[in-house]
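Bear in mind the structure is a predicted one, so any value in this text is a computation, not a measurement. Side chains are part of it too, since the values below use all heavy atoms of this structure and drop only hydrogens, waters and symmetry mates.
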Amino acid sequence: MAMTRTPVRRVLDYTVLSVLAFVFALPALYLFLGSLKPSDEVLNGLSGFLPTHLSFDNYTAVLDSLNSDSTGYFWQFMGVSVLLAFVVVAGGLIVNSMAAYGLTRLKWRGQNAVFTLVLLLMLIPFESVAVPLFYMFNGQRNTIFIQALPFVANAFAVYQFHTFFRKIPTSIEEAARLDGAGPWRTFFAIIVPMSRPVFASVAILTFLIQWGSFLWPVLMVSDPSVRPLPLEMSVFQGQQPPDWGQILAFGVLLVLPVLVVFAFFQRWFVEGVASSAVKG
């Protein structure tokens with residue numbers, strides 16, 4: 001029998017959640033307010049939360065300072081990051097979902113061994129294989145292709161899809177098979193539309209990882225024309241003397257696409273979290 005919460009308990013729960021949400025939002029608030037302040041007022045401790053001397057001058061300065069052949073172009077760096085994220089997310093959704101479907105629904109020899117290997121791959125951090133990959137693909141440096149390739153196939157994404165597909169009743173696929181649908185048609189016409197929550201979850205998590213990728217671009221990119229935004233931010237931050245107002249403005253510009261992607265997928269993402277909580 002489900003427990004009903006009393007009004008006092010409900011108020012207490014929302015109060016605690018509101019306080020926690022406010023605490024977690026403080027760094028983002030500090031980032032945004034600092035991006036609107038002069039550099040000498042940014043690193044002032046708690047007084048940095050005071051909304052004084054606000055303007056968009058830092059954003060204008062960032063865009064103006066990255067607007068020449070010698071420094072590179074901000075929108076070019078942004079375009080490289082967007083292209084990389086699109087390739088990794090779109091390619092990952094296709095590759096990882098199909099791999100998970102093959103491991104979940106199709107019966108073939110060695111299926112359990114391959115899935116065990118996928119689980120083991122989840123335990124290996126990328127940092128441990130970055131140097132071997134660097135020597136393997138050293139001839140492909142400074143290309144969009146090599147920046148995206150190692151991240152399309154993802155063991156954790158395969159596991160997420162696998163977990164979700166297992167909860168879909170097999171009777172649905174059996175009915176499709178009776179209607180003459182083969183594995184490909186069943187997957188794309190039935191399984192994919194039913195799996196929007198897990199597709200949204202994987203898309204958001206993959207985008208977050210790819211958008212903030214730093215180690216691999218550091219190893220593989222030296223040409224500014226294919227430099228992604230996080231790597232360019234490290235270059236921008238290293239300029240002397242550092243202008244912290246402009247650095248925070250750069251950080252806000254780096255975060256904005258993440259908020260846009262989450263806003264686009266949030267309905268399916270929340271739906272997936274809620275359904276997982278109920279089924280769990």
Side-chain angles (χ1 to χ4, degrees), residues 1-5 9-10 13-14 17 84-126 148-211 258-280:
M1 181 177 179
M3 295 180 59
T4 57
R5 293 184 298 174
R9 175 64 183 276
R10 188 178 297 108
D13 289 345
Y14 280 107
L17 292 174
L84 285 171
F86 175 79
V87 171
V88 172
V89 172
L93 290 178
I94 297 172
V95 170
N96 297 316
S97 64
M98 293 175 64
Y101 185 73
L103 289 169
T104 308
R105 290 295 201 253
L106 305 182
K107 303 301 180 182
W108 43 279
R109 182 176 299 178
Q111 180 180 21
N112 293 332
V114 172
F115 182 66
T116 301
L117 179 61
V118 170
L119 297 179
L120 292 176
L121 289 175
M122 292 172 55
L123 304 177
I124 302 176
F126 179 76
L149 179 63
F151 305 101
V152 173
N154 184 284
F156 182 65
V158 173
Y159 175 74
Q160 285 183 291
F161 280 116
H162 181 274
T163 302
F164 190 91
F165 291 160
R166 288 184 59 185
K167 298 177 181 178
I168 298 178
T170 57
S171 58
I172 297 177
E173 293 161 276
E174 292 171 356
R177 194 177 302 114
L178 291 176
D179 290 337
W184 290 100
R185 183 180 176 186
T186 301
F187 177 73
F188 286 105
I190 298 176
I191 300 299
V192 171
M194 294 180 61
S195 305
R196 285 180 296 181
V198 69
F199 273 87
S201 300
V202 172
I204 290 175
L205 295 177
T206 304
F207 179 85
L208 287 174
I209 295 172
Q210 176 58 37
W211 190 258
V258 178
L259 299 179
V260 172
V261 170
F262 181 77
F264 182 79
F265 287 105
Q266 66 164 335
R267 181 167 65 89
W268 298 301
F269 178 75
V270 174
E271 179 182 341
V273 173
S275 62
S276 298
V278 172
K279 295 178 180 178

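Atoms CG and CG, on L117 and L121 in that order, are 4.5 Å from each other to the nearest 0.5 Å. Summarising the geometry, atom CG belonging to L84 is positioned 12.0 Å from atom CZ belonging to F86; distances are rounded to the nearest 0.5 Å.
Residues passing the side chain to side chain contact (heavy atoms under 4.5 Å, CB included) test with M122 are L119, A155, F156, Y159, sequence neighbours excluded. With sequence neighbours left out, W108 forms a side chain to side chain contact (heavy atoms under 4.5 Å, CB included) with L103, L106, Q111, V114. For the side chain to side chain contact (heavy atoms under 4.5 Å, CB included) test, residues two or more places apart in sequence or in another chain that qualify with P169 are S171, I172.
The salt bridge (charged side-chain N to carboxylate O under 4.0 Å, His left out) pairs that include a residue from residues 98-108 are R105-E173, where partners are two or more places apart or lie in different chains. Under the side-chain hydrogen bond (donor to acceptor under 3.5 Å, both in side chains) criterion, no residue pair touches residues 176-190, with sequence neighbours excluded.
In this structure the side chain of F126 reaches within 4.5 angstrom of the side chain of P150, judged on heavy atoms.
Taking the six-membered ring where the residue is Trp, the centroids of F207 and F262 are separated by 6.0 Å or more. Between F164 and F199, the distance from one ring center to the other does not fall under 6.0 angstrom.
Between F187 and F165, the ring planes lie perpendicular to each other; the angle is over 60°, past the 30° to 60° tilted range.
Of all non-hydrogen atoms in A85 and W211, the two that sit nearest each other are CB-CE3, 4.2 Å. Taking each heavy atom of V202 and T206 in turn, the nearest pair found is O-OG1, 2.7 Å.
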For residues 88-100, which side-chain donor-acceptor pairs fall under 3.5 Å, sequence neighbours excluded?
{"unit_1": "N96", "atom_1": "OD1", "unit_2": "N154", "atom_2": "N", "d": "3.0"}
{"unit_1": "N96", "atom_1": "ND2", "unit_2": "G92", "atom_2": "O", "d": "2.9"}
{"unit_1": "N96", "atom_1": "ND2", "unit_2": "V152", "atom_2": "O", "d": "3.1"}
{"unit_1": "S97", "atom_1": "OG", "unit_2": "L93", "atom_2": "O", "d": "2.4"}
{"unit_1": "S97", "atom_1": "OG", "unit_2": "I94", "atom_2": "O", "d": "3.2"}

(request) Kindly indicate, with the supporting measurements, whether the criterion side-chain contact (heavy atoms from CB on, under 4.5 Å) is fulfilled by L205 and Q160. (result) CA-CA 11 Å; L205 295 177; Q160 285 183 291; 3.5 Å; yes
